[in-house]
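Quick note: numbers below take in every heavy atom, side chains included, and nothing from hydrogens, waters or symmetry partners.
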Amino acid sequence: METRSWVRGGLRAVGGGAVTAGMAITNLLLLVVTVVALVLIPVPFLGLALLPWVMALVRKRADLERRLAGRAGIAIASPYRPRPERALPGGWRRFRWIVTDPATWRDLAWLVPGAVVGLGLGLLAVAVPLYGVEGITLLPLWLYLGVDWYGYGVFWPIENVAQGLLSAPQGVLFLAVGLGVAPLLLTVNARFTKLFLAPTKAAELRLRVAQLTVTRADTVDAQAAELRRIERDLHDGAQARLVSLGMTIGLAEEMLERDPAAARRLLTEAREVSGAALLELRNLVRGIHPPVLAERGLDGAVRALAMSLPLPITVELDLPGRPETPVESAAYFAAAEALANVVRHSRAGTAQVSIRFAGGLLALIVCDDGVGGADPSRGTGLRGIQRRLAAFDGTMTVSSPPGGPTVVMMELPCVLSSPKTSPSSGTA
């Protein structure tokens, strides 16, 4: 199974090398178009409209390279400043936004070296495995076609069938080396790309401030929506039942002297209404902060949650202590929403929850063996998890290729307290 994975990874890298080499050629074309756009800046109206349009193409090309680097395991964040309001095409605001962004000039500086390095490494990632395939298929092809002999390999003349047979093991060697080296070549190209296309320290700080601004707004909106939900649930549920309860008791008081039997019936009804109101209040409190979370901590709460779901879920936890209450609550509800998505959408047979703490980060991983295809942009569940975690400076990444498996990884910075002696694990 490991050999198959190694071969699949190598073949994907060879395909990625072909894409990298092909896209590297477009860098030179974009450079020529950009130079023309810069020369035409003094032309009235034309320069203001042409340069932002050309730089939009350059940014798309740079973003594609960032995605390719991400597939090679090198994450590169987008460094661009947010687009200002009323930055219309052909307008001064849009032109100034493009020209004054340092990331614009870093993209331009990357075009030529990115083309040279990407083309060279991409072609090398493709050429070595193909050279190995040639050696493996060389002899049967020659015998079938009946052509004259010629050399193969490094200083490897072939004049007869016996010498031709030796091309096959040499081809296998080149193929194996090519499949093993291709992922490394793409990683080297991705690291080189990161030198130019990754945000600078100043850009990271600026993006961080913008992210915190958006996060704060989302948190305020989420809190306001939660308060409205609680108010609505109280008004429509428990409050209505309590009002009804008061009216029923009042009627029972009036009928107590005239019709004791009817008064007893009203009191029985009042007791049932009070029980229903108490149940609704408990459910409301459970939605705010589950009692099991307060009593048993994140470990017990997640296990109780897993046991209540209709599929086998393995739970593994390694927490040397308890997170702070708000972080613990956010982690629990994030895990609950992720597991709810597994039950509703994944068609999985099994799932797993892993919770670890290391380096000041609480990491939650929820994975399943379902059909895959989960996308945060196409549903409210995963976006809700992102907003909940972002309020605590947390992050979420989703890996869900078609056919599965789906892996949702969530991280929350936190500090633990109340250390315990040993980790625990089990299956719900």
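Here the shortest heavy-atom pairing between A348 and L311 reads O-CD1, 3.9 Å. Nearest heavy atom pair, residue P129 against residue L175, reads O-CD1, 3.7 Å. Heavy-atom minimum distance, C367 versus V407: CB-CG2, 3.9 Å. T406 and G372 get closest at one heavy-atom pair: OG1-CA, 3.4 Å. Closest of all the heavy-atom pairs between A338 and I385 is N-CD1, 3.7 Å. Across A103 and Y80, no two heavy atoms sit closer than the pair CB-CD2, 3.6 Å.
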Tabulate below the donor-acceptor pairs under 3.5 Å that side-chain atoms of residues 18-28 make, not counting sequence neighbours, or state none.
{"residue": "T20", "atom": "OG1", "partner": "G16", "partner atom": "O", "Å": "2.8"}
{"residue": "T26", "atom": "OG1", "partner": "M23", "partner atom": "O", "Å": "2.4"}
{"residue": "T26", "atom": "OG1", "partner": "R61", "partner atom": "NE", "Å": "3.3"}
{"residue": "N27", "atom": "OD1", "partner": "R61", "partner atom": "NE", "Å": "2.8"}
{"residue": "N27", "atom": "OD1", "partner": "R61", "partner atom": "NH2", "Å": "3.3"}
{"residue": "N27", "atom": "ND2", "partner": "L111", "partner atom": "O", "Å": "3.0"}

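Panel note: side chain R347, backbone G370; no donor-acceptor pair is recorded below 3.5 Å. At least one donor-acceptor pair under 3.5 Å links the side chain of R106 to the backbone N or O of A198. Looking only at distances, a side-chain donor or acceptor of W105 sits under 3.5 Å from a matching main-chain atom of V99. No donor-acceptor distance shorter than 3.5 angstrom exists from the side chain of R191 to the backbone of A69, with no hydrogens or angles considered. Judged purely by atom type and a 3.5 angstrom limit, D318 has no side-chain atom pairing as donor or acceptor with the backbone of R356. Judged by distance alone, the side chain of S308 and the main-chain N or O of L305 form a donor-acceptor pair under 3.5 Å. At distances below 3.5 Å, not a single donor-acceptor pair connects side-chain atoms of D107 with backbone N or O atoms of R59.
When side chains are defined from C-beta on, L184 does not count as touching V188, because their heavy atoms never get closer than 4.5 Å. Residues E411 and L389 form no side-chain contact, since every pair of their non-hydrogen atoms from C-beta on lies 4.5 Å or further apart. Counting only heavy atoms from C-beta outward, the side chains of N341 and E337 approach each other to under 4.5 Å. For the pair L339/L309, a side-chain contact is recorded, criterion being any heavy-atom separation below 4.5 Å from C-beta on. Side-chain contact check for L179 versus L11: some heavy-atom pair is nearer than 4.5 Å. Counting only heavy atoms from C-beta outward, the side chains of L108 and T34 approach each other to under 4.5 Å. Contact annotation: the side chain of L119 approaches that of L123 to within less than 4.5 Å [non-hydrogen atoms, C-beta and beyond]. Counting heavy atoms from C-beta on, the side chains of P323 and F357 never come closer than 4.5 Å.
Ion pairing of D63 with R66 is present here, as a side-chain N (NZ or NE/NH1/NH2) and a carboxylate O approach within less than 4.0 Å.
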Quiz item: Going through the checks in order, is the side-chain contact (heavy atoms from CB on, under 4.5 Å) test met by R322 and D299?
Solution: CA-CA 9 Å; R322 290 191 64 169; D299 188 333; over 6 Å; no
Self-check item: side-chain contact (heavy atoms from CB on, under 4.5 Å) between V302 and V353, intermediate numbers included
Solution: CA-CA 9 Å; V302 172; V353 180; 4.1 Å; yes
Self-check item: V315 vs L317, side-chain contact (heavy atoms from CB on, under 4.5 Å): CA-CA, chis, key distance, verdict
Solution: CA-CA 7 Å; V315 180; L317 293 101; 3.0 Å; yes
Quiz item: Under the side-chain contact (heavy atoms from CB on, under 4.5 Å) criterion, do I355 and L298 qualify, and how do the steps go?
Solution: CA-CA 9 Å; I355 303 179; L298 190 60; 4.2 Å; yes
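Separating the CG atom in L362 from the CG atom in L319 is a distance of 6.0 Å, to the nearest 0.5 Å. Rounding to the nearest 0.5 Å places CZ of R96 at 12.5 Å from CD1 of I98. Distance check: E324 CD to S329 OG gives 12.5 Å after rounding to the nearest 0.5 Å.
With respect to M410, the side chain to side chain contact (heavy atoms under 4.5 Å, CB included) criterion is satisfied by exactly one of L364, I365, L361: L364.
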